Amino acid sequence: MPHPDSTNTTTGWAPRFTTFLHTLSPLWTTLIGLASGALGVTSFAPFHFWPGYFVSLVVFSAFVITSPTSKVAGWRGVSVALGFFGAGISWVYVSIAEYGQVGVLIAGVITLAFILVLSSFWGLAALFAWRLIQKFPSLPASLWITICLLLGETARSTFFTGFPWLLPGYAVENNWLFELLPLGGIWLTSTAVILTSSVIAVTLLTPSNPSQPTRQPILWLALLGLWGSAAYLHYAPVTWVQETAHIKTTLVQGNIKQDEKWLARMAKQSLSFYQQTTIEHLDSDLVVWPETAITYSYPQVSPYLKSFSQELADSQTTLITGIPDVGEKTGEYYNAIWATGNGFGLYYKRRLVPFGEYIPFAEYVGPILDVFGMPMSSFKSGDDNQPVLQAGEWGIAPFICYEIVYAEQVRQMVRDSDLLITISNDGWFGTSFGPWQHLQIAQFRAKETGRYVIRATNTGITAFIDEKGNIIAQAPQFEQTTLTANAKTFSGITPYVNWGNWPTIWLLGLCAALSYLFRLYRRRD
């Protein structure tokens, strides 16, 4: 069946290229998919070559619209995803192999299984896009590809608490589209990236003739609006929030080795280091320790630190630290953030890492992991409606490690906050580029919300990020050090915080409606 956006033209490079793809063996198309997918990783930290991911999605879109069947389209979509996720989240293998206690072979099997699961969402997106293109030709093929891949990425970001890592919108840090974040967040930039790539692919592969120069003018207008608005905001910035104060802040990077962090002999030693370092910075308004900097539980250590907390309060210094907590009645463990001294609050992590902090379907999967010797975690997630922490007169929205990747959770808490704090232990990532990707994600949350993000980690990358998403101070990785800077507080909210994902939904709905009406007009004409 011919592609709905094609004509009967039989000459030109586009139909010849389509015929060429048909003649390629599955092995060659798979290799092309793998290579193009791997190239997409260069758009993300630490590489920042933003065109790379666009190339990946152009190939993905081309595979969909030139496939002879939906199954072929699905497999080709999987091949691109395998290259992308295989290269992009290779740090998962580092975490499992070095700290999962399961050996190299089992770590490889688990990592491959995880990559296959993530890739399946792209495969399903390609399969359904192909079918919708054939069944509903009234809408442009590129719009169906955009909608289906967005739905696939939404599903990937949701199931089993989700894995919204390396979303398409994160590829735009170094181009104009970054300026769209305060308007519609990560999903608006993701829409712009996918739509741009799919429109380019369809345009290149659709034979043209003088009487039918294009079949998707509405989408080109939408792209002109998106890129034009982004360019305007880049050269004529709009201020959405108002600066209110400066907080002198010190971040403590303990650089405790991951394989020693939870040893009993290290608990007292590391706590003494953090205490002594904090005493040397009592001139700061705020001191932040990393995730689980204290490895004693909250009931164990809080009486011991009572005099220390009073010393902090007398100095008008607030300490915020990661700490495990144990339910008094239930005995359940929580990954928590505690504010003490000239502040207060105890926050429980809401989004737990699958197979790291909890086991999905533990009654079935747990025994299997026991056979492999993989240690299991059994943290309990916190309630959805928790107040922000208080540091003096300032409200601070807290996020533990993985939580900073959830844009909607950050959006919900930012209204009551003057700045954002994320604490992490990226020692799990080793020397991979996982910590750089994690830092980049935090930059997007700052830009979306118009708030400073303070990021304290165990081994790096500890940093201050301003309300525009720029890193203003950064500590070196794998060093025991401190980082002091003035963190600015802000009031007010961005359009994204106010409207959420509605701008993205409105945009896609308007594109669909106008494209359908345009097609009707062309038929009548």
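Everything numeric here is computed off the predicted structure, so don't read it as measured data. Residues: numbered from 1 along the sequence shown.
By the 6.0 Å contact criterion, OH on Y333 is open, its count of non-hydrogen atoms from other residues, nucleotides or ligands being 12 or less. The neighbour count for W499 CH2, taken as heavy atoms of other residues, nucleotides or ligands under 6.0 Å away, does not exceed 12.
Across all their heavy atoms, A487 and L419 have their closest contact at CB-CD2, 4.3 Å. Annotation for V453 and A442: closest pair CG2-O, 3.9 Å, computed over non-hydrogen atoms. Shortest non-hydrogen contact noted between V78 and S119 is CG2-O, 3.9 Å. The two residues F84 and V41 make their nearest non-hydrogen contact at O-CG2, 3.3 Å. Of all heavy-atom pairs spanning I461 and A475, the tightest one is CG2-O, 4.2 Å. Nearest heavy atom pair, residue M413 against residue Q386, reads CE-O, 4.1 Å.
Ring planes of F47 and F433: perpendicular class, angle over 60° (limits at 30 and 60°). A perpendicular orientation is assigned to the rings of F44 and Y53, their planes being inclined by more than 60° (bins at 30° and 60°). Between W165 and F163, the two ring planes are parallel [angle under 30°; tilted spans 30° to 60°]. In this pair, F159 and F121 present their aromatic rings tilted. The plane angle is within the 30 to 60° band.
Not less than 6.0 angstrom separates the ring centroid of Y304 from the ring centroid of Y296.
Residues passing the side chain to side chain donor-acceptor pair (under 3.5 Å) test with T30 are W75, sequence neighbours excluded.
Residues in residues 240-256 take part in these side chain to side chain donor-acceptor pair (under 3.5 Å) pairs, two or more places apart or across chains: E243-H246, T244-T489, K248-D283, T250-S284, T250-T484, Q253-T462. Among residue pairs with one or both ends in residues 439-453, those qualifying as side chain to side chain donor-acceptor pair (under 3.5 Å) are Y170-R445, E173-Q440, E173-Q443, E179-K447, R445-E448; sequence neighbours excluded.
Exactly one of Y347, Y348, Y334 qualifies for a side-chain hydrogen bond (donor to acceptor under 3.5 Å, both in side chains) with D325. That residue is Y348. With T189 as reference, L181 is the one residue of N175, L181, T504 to meet the side-chain contact (heavy atoms from CB on, under 4.5 Å) rule. Among V193, T154, L57, the one residue that satisfies the side-chain contact (heavy atoms from CB on, under 4.5 Å) test with L149 is L57.
Looking at S197 and F54, their side chains come closer than 4.5 Å, going by heavy atoms from C-beta outward. Side chains of L251 and F464 form a contact here, defined as non-hydrogen atoms less than 4.5 Å apart.
Between the CD1 atom of I256 and the CD atom of Q269 there is a distance of 7.0 Å, given to the nearest 0.5 Å.
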